Protein chains: 2
Amino acid sequence: MIGNPLQATAFHVSTRGEYGMRVMVELARRFGQGSVSLRSVAEGESLPEAYLEQLVASLRRAGLVSGKRGAGGGYQLAKDPSSVTAGDVVRALEGPIEPQVCTAEGDPIVNCPHEPKCGTRQLWVKLQATIAGALDSLTLAELAKWPSERQRARSGSAVLAGAPTMHAPKARA
Amino acid sequence: MIGNPLQATAFHVSTRGEYGMRVMVELARRFGQGSVSLRSVAEGESLPEAYLEQLVASLRRAGLVSGKRGAGGGYQLAKDPSSVTAGDVVRALEGPIEPQVCTAEGDPIVNCPHEPKCGTRQLWVKLQATIAGALDSLTLAELAKWPSERQRARSGSAVLAGAPTMHAPKARA
DNA sequence: GGGATTTCCGATCATTCTGGTAGGGATTGT
DNA sequence: ACAATCCCTACCAGAATGATCGGAAATCCC
């Protein structure tokens with residue numbers, strides 16, 4: 001983790017998601033070049049190797065990467081970067097996208113006492129669909145080619161059109 | 001909490017957000033009817049009153065509700081339900097929408113060693129904007145009128161057009 | 001004024017989650 | 001043989017979550 005939160009924040013992605021995504025983008029960049037050792041990724045991204053091992057285990061069990069043991073071994077993407085979405089990676093690392101248990105992917109729990117008069121469920125349903133849509137619409141191939149040379153030349157922030165909306169923070173006032 | 005997670009899930013909204021949102025929807029439904037005691041809300045929604053006190057304190061400090069002490073006192077929305085969004089409520093309860101510290105609302109931290117070659121930032125930027133957009137586009141007035149009589153008559157699931165996407169769960173495999 | 005009601009405030013606490021570390025076994029290339 | 005590397009399990013410290021508790025202050029009704 002680069003900067004510690006120190007304050008409550010909503011929808012924060014944990015280091016599992018963050019580190020794991022970095023690893024996947026790196027593997028996507030080196031796709032087709034054979035096995036990549038986790039050590040080289042860890043050093044290149046300045047991340048703790050032993051911890052990455054755990055995360056990569058999840059990615060492997062989800063069928064996103066394949067490992068090869070022994071000297072000269074390492075990991076590589078199990079599929080083409082263009083056919084793996086950010087959603088696949090996040091789900092493998094952090095579980096199904098599920099704002100509430102009644103709005104989960106797969107088999108949502110709906111026998112809820114609130115349900116008959118629940119005014120909030122529609123909100124979580126919408127949120128789930130929105131988040132899943134955003135994550136599933138970005139592939140590793142797209143992420144891997146950023147930042148491009150041209151972008152790096154601009155040296156800076158505002159990488160995408162929409163910088164974070166300037167809405168008031170007011171955290172747990 | 002109704003059903004315990006028991007398994008890691010991504011983008012889960014804590015009970016602060018869940019309970020607090022229920023309270024706000026309930027206050028929206030009773031808007032214009034004077035003060036509503038927290039006890040009546042807690043009993044109506046089967047939520048722990050003492051815990052709600054804490055959450056409502058956050059909502060009050062954020063200027064979303066106003067409290068009145070003493071017998072016959074209680075809380076009421078500080079503004080019209082149509083001018084308060086779900087995003088306002090979530091931010092008051094859980095802090096700014098911030099997938100990563102470098103993509104926070106307000107003052108994101110960008111002096112990040114990864115930044116020059118970071119392929120993941122664009123993902124979190126997009127995600128932040130998407131989540132904020134979804135939450136800011138729903139008002140308490142809209143939430144409060146659900147489920148309508150007609151919806152309740154249909155007795156069931158699939159309340160909104162999009163039921164949760166049937167994507168594979170595969171949690172922390 | 002006395003009590004009942006209700007918001008407000010701060011402390012405490014058990015459990016779970018997060019973000020790792022540590023150690024060792026299995027497999028492969030040289 | 002040996003080094004590199006994946007693979008697996010256990011452990012651990014600190015923070016966050018989801019509350020509970022006790023009491024102070026304000027307000028209303030009699």
Side-chain angles (χ1 to χ4, degrees), chain A residues 1-20 22-23 27 34-43 46-61 65-76 78 93-95 100 171-173, chain B residues 1-20 22-23 27 34-43 46-61 65-76 78 93-95 98 100-101 171-173:
Chain A
M1 191 149 30
I2 299 308
N4 58 336
L6 205 64
Q7 198 177 27
T9 56
F11 304 103
H12 195 83
V13 172
S14 73
T15 56
R16 280 186 69 90
E18 182 198 344
Y19 295 178
R22 287 192 196 282
V23 170
L27 290 184
S35 291
V36 176
S37 81
L38 204 51
R39 168 155 302 171
S40 72
V41 175
E43 289 178 350
S46 304
L47 301 175
E49 180 183 355
Y51 185 39
L52 289 192
E53 281 186 12
Q54 292 181 37
L55 315 190
V56 174
S58 294
L59 295 170
R60 181 174 42 79
R61 293 190 209 105
V65 304
S66 64
K68 186 185 177 192
R69 296 191 190 183
Y75 292 97
Q76 55 186 335
L93 292 165
E94 308 211 43
Q100 294 288 274
R172 198 165 292 196
Chain B
M1 192 147 34
I2 298 309
N4 58 335
L6 204 65
Q7 200 177 24
T9 56
F11 305 103
H12 194 83
V13 171
S14 74
T15 57
R16 280 185 69 91
E18 181 198 344
Y19 295 178
R22 287 192 196 284
V23 169
L27 289 184
S35 291
V36 176
S37 82
L38 205 50
R39 167 156 303 169
S40 72
V41 175
E43 288 177 351
S46 305
L47 300 175
E49 181 183 355
Y51 185 41
L52 290 192
E53 281 185 11
Q54 292 182 38
L55 315 191
V56 175
S58 294
L59 296 169
R60 181 174 42 78
R61 293 189 209 105
V65 304
S66 63
K68 186 186 176 192
R69 296 190 190 184
Y75 292 96
Q76 55 186 334
L93 292 165
E94 309 210 41
E98 177 180 311
Q100 293 287 276
V101 287
R172 199 163 292 197

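Predicted, not measured: the structure shown is a model, and the values here were computed from it. To find a chain, count down the sequence lines: A is the first, B the second, and so on, and within it residues start at 1.
- Among D:dC7, D:dG18, C:dC8, the nucleotide with an atom closest to any side-chain atom of B:Ser14 is D:dG18.
- For the pair A:Tyr51 OH and D:dA10 C1', the interatomic distance rounds to 16 Å; values are reported in whole Å.
- Atom pair B:Glu18:CD and D:dG18:P shows a separation of 9 Å (rounding to whole Å applied).
- In this structure, B:Val101 and A:His12 have side chains that are in contact, with non-hydrogen atoms separated by less than 4.5 Å.
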Report each atom pair, protein N/O against N/O of nucleotides 2-5 of chain C, whose distance is under 3.5 angstrom.
from  : atom 1 : to      : atom 2 : distance (Å)
C:dT5 : O2     : B:Ala71 : N      : 2.9

Listing time: all N or O pairs from protein to nucleotides 22-24 of chain C that are below 3.5 Å?
none

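- The side-chain heavy atoms of A:Leu55 and A:Leu93, taken from C-beta on, include a pair separated by under 4.5 Å.
- For the pair B:Glu94 and B:Val13, the minimum side-chain heavy-atom distance is below 4.5 Å.
- Between A:Ala10 and B:Gly95 the shortest heavy-atom distance is CB-O, 3.6 Å.
- Between B:Arg16 atom CZ and D:dA16 atom C1' there is a gap of 11 Å when expressed in whole angstrom units.
- The interatomic distance linking B:Tyr75 (OH) with C:dT6 (P) rounds to 12 Å, in whole Å.
- Judged by closest nucleotide on DNA chain D, A:Val36 is the one of B:Glu49 and A:Val36 placed further toward the 5' end.
- Note: CD (B:Glu94) to P (D:dA16) measures 13 Å, nearest angstrom.
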Can you give each donor-acceptor pair under 3.5 Å made by side-chain atoms of residues 65-73 of chain B, sequence neighbours left out, with the distance rounded to 0.1 Å?
none

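- Across the protein-nucleic acid pair, A:Leu52 atom CG and D:dT5 atom P stand 15 Å apart, rounded to whole Å.
- Contact annotation: the side chain of B:Leu27 never approaches that of B:Gln76 to less than 4.5 Å [non-hydrogen atoms, C-beta and beyond].
- Between atom OG of residue B:Ser58 and atom CD of residue B:Glu53 there is a gap of 12.5 Å, rounded to the nearest 0.5 Å.
- Residue contacts shown for A:Arg60 are limited to sugar-phosphate atoms, with no base heavy atom under 4.0 Å away.
- Under the 4.5 Å side-chain criterion, counting only non-hydrogen atoms from C-beta, A:Pro48 is in contact with A:Tyr19.
- The overall bend of the helix from C:dG1-D:dC30 to C:dT30-D:dA1, read as the angle between its terminal helix axes built from five base pairs each, is 10° when rounded to 10 degrees.
- For B:Leu55 and D:dT20, the CG to P distance is 12 Å, given to the nearest whole Å.
- A:Glu43 pairs by the side-chain contact (heavy atoms from CB on, under 4.5 Å) definition with A:Arg39, not counting sequence neighbours.
- The closest side-chain heavy-atom distance from B:Tyr75 to B:Leu59 is not below 4.5 Å.
- B:Lys68 has its NZ atom 8 Å from the P atom of D:dT27, to the nearest Å.
- The two residues B:Ser40 and B:Ser37 have their closest heavy-atom pair at OG-O, 2.8 Å.
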